[in-house]
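Just below is one structure, and these are the notes that go with it.
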Amino acid sequence: MTDFSVRRARTSDVPKILALVEPLVSRRILLGKERVDLYGDVQEFRVAEASDGTLIGAGALHVLWEDLGEVRTLAVGERWLGRGVGHALLDALEADARELGLERLFCLTFEVNFFGRHGFEDMGSDSVDPDVYAELVRSHDEGVAEFLDLARVKQNTLGNTRMLKLL
Ligand SMILES: CC(=O)SCCNC(=O)CCNC(=O)[C@H](O)C(C)(C)COP(=O)(O)OP(=O)(O)OC[C@H]1O[C@@H](n2cnc3c(N)ncnc32)[C@H](O)[C@@H]1OP(=O)(O)O
């Protein structure tokens, strides 16, 4: 079924993105974001919209380093699951990543099969070269800490798989 489209997010989408991800944050599937941070990060987001204008999915690409990005906050509304919306959003985020010059895409997820079928592989405990690590570790961003698998975010990452795709 193709009665949806993917586009860049607008500021007016932010309340709808919050409503979409809130149940997943409560279930600790996604990392929560404050409304103010979502407005600040709105340029990272792509949204999927049904033909009647309903927001049915969202996902973000966050740049971690010169060659490295992370897929964040990828979510599809319950009624639209299994209809290709997730893959379409991920395709759009990957295109954005290539356009930015990124070569690797990271994600931390319970959805190993979904990302696996999209070319992501379990990266185990691998991360980055020691000199890049030393700079990344100075970040206050929770997602960077999760990428580095730091002890202080272990409660967020429990049961998740760290996955990487070479673009
Ligand atoms: C980095 C992060 O953000 S990690 C967090 C990932 N998000 C979550 O865990 C939140 C909860 N989960 C979700 O919101 C969703 O399950 C998602 C985002 C993971 C997947 O969204 P969906 O829209 O259901 O994905 P999509 O329909 O594209 O793919 C699911 C399956 O449906 C099938 N499918 C059915 N119809 C279609 C179609 N028309 N086109 C493509 N695939 C289709 C695919 O075969 C696919 O199978 P696969 O998973 O084996 O590849």
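Every number for a ligand or one of its atoms is a count from 1 in the order of the listing. Quick note: numbers below take in every heavy atom, side chains included, and nothing from hydrogens, waters or symmetry partners.
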Open item on the list: Is there a side chain to side chain contact (heavy atoms under 4.5 Å, CB included) between L105 and L167? Walk through the geometry before answering.
Closed with: CA-CA 7 Å; L105 211 44; L167 297 174; 4.1 Å; yes
Task: Per-residue contact class, N113 against ligand 1 - non-hydrogen pairs under 4.0 Å - done: neither
TODO: Taking only heavy atoms of T109 into account, list the atoms of ligand 1 that are under 4.0 Å away from them.
DONE: 4 (S), 5 (C), 6 (C)
TODO: Could you tell me whether the side chain of D129 and the main chain of D131 form a donor-acceptor pair under 3.5 Å?
DONE: no
TODO: Without swapping roles, check the side chain of R162 against the backbone of G124 for a donor-acceptor pair under 3.5 Å.
DONE: yes
Open item on the list: Tell me the nearest of H118, H87, R27, R83 to atom 28 (O) of ligand 1, using heavy-atom distances.
Closed with: H87
- [ ] Could you see which bit of R72 sits under 4.0 Å from ligand 1, with heavy atoms only: side chain, backbone, both or neither?
- [x] backbone
Open item on the list: Looking at every non-hydrogen atom in both residues, tell me the closest pair between K165 and H118 and how far apart they are.
Closed with: NZ-O, 2.8 Å
Open item on the list: Using a plain distance cutoff, I'd like to know if V76 has any nitrogen or oxygen under 3.5 Å from a nitrogen or oxygen of ligand 1.
Closed with: yes
Task: Contact with ligand 1 for V71, non-hydrogen, under 4.0 angstrom - done: yes
Open item on the list: Can you give me the closest heavy-atom contact between I29 and F110, atom names plus distance?
Closed with: CA-CE1, 4.0 Å
- [ ] Compare every heavy atom of G143 with every heavy atom of R72, then report the nearest pair and how far apart it is.
- [x] NH2-CA, 3.2 Å
Open item on the list: So for ligand 1, is T73 a polar contact partner (N or O within less than 3.5 Å, distance only)?
Closed with: yes
Open item on the list: Heavy atom to atom 34 (N) of ligand 1, shortest distance: which of G59, G116, A75, G82 holds it?
Closed with: G82
Task: L89 versus A58, closest heavy-atom pair with distance - done: CD1-N, 3.5 Å
- [ ] Would you indicate which of L74, L31, V112 comes nearest to atom 3 (O) of ligand 1 when only heavy atoms are counted?
- [x] L74
Open item on the list: I'd like to check which ligand 1 atoms, numbered from 1 as shown, lie under 4.0 Å from a non-hydrogen atom of I29.
Closed with: 8 (C), 9 (O), 10 (C)
Open item on the list: Would A88 count as a polar contact of ligand 1, with the cut-off being nitrogen or oxygen pairs under 3.5 Å?
Closed with: no
Open item on the list: Has T54 got a side-chain atom pairing as donor or acceptor with I56's backbone, closer than 3.5 angstrom?
Closed with: no
TODO: Give yes or no for whether the N/O distance cutoff of 3.5 Å, strictly under, is met between L30 and ligand 1.
DONE: no
TODO: Provide the number and element of each atom of ligand 1 under 4.0 Å from a heavy atom of R117.
DONE: 48 (P), 49 (O), 50 (O), 51 (O)
Open item on the list: Could you tell me, atom by atom, which parts of ligand 1 come under 4.0 Å of a heavy atom of C107?
Closed with: 1 (C)
Task: Heavy-atom pair with the smallest gap, counting every atom of F115 and M163 - done: CB-SD, 3.8 Å
- [ ] Return the minimal non-hydrogen interatomic distance between L24 and L20, and the atom names on each side.
- [x] CD1-O, 4.1 Å
- [ ] Please could you name the atoms of ligand 1 that L108 approaches to less than 4.0 Å, counting only its heavy atoms?
- [x] 1 (C), 4 (S)
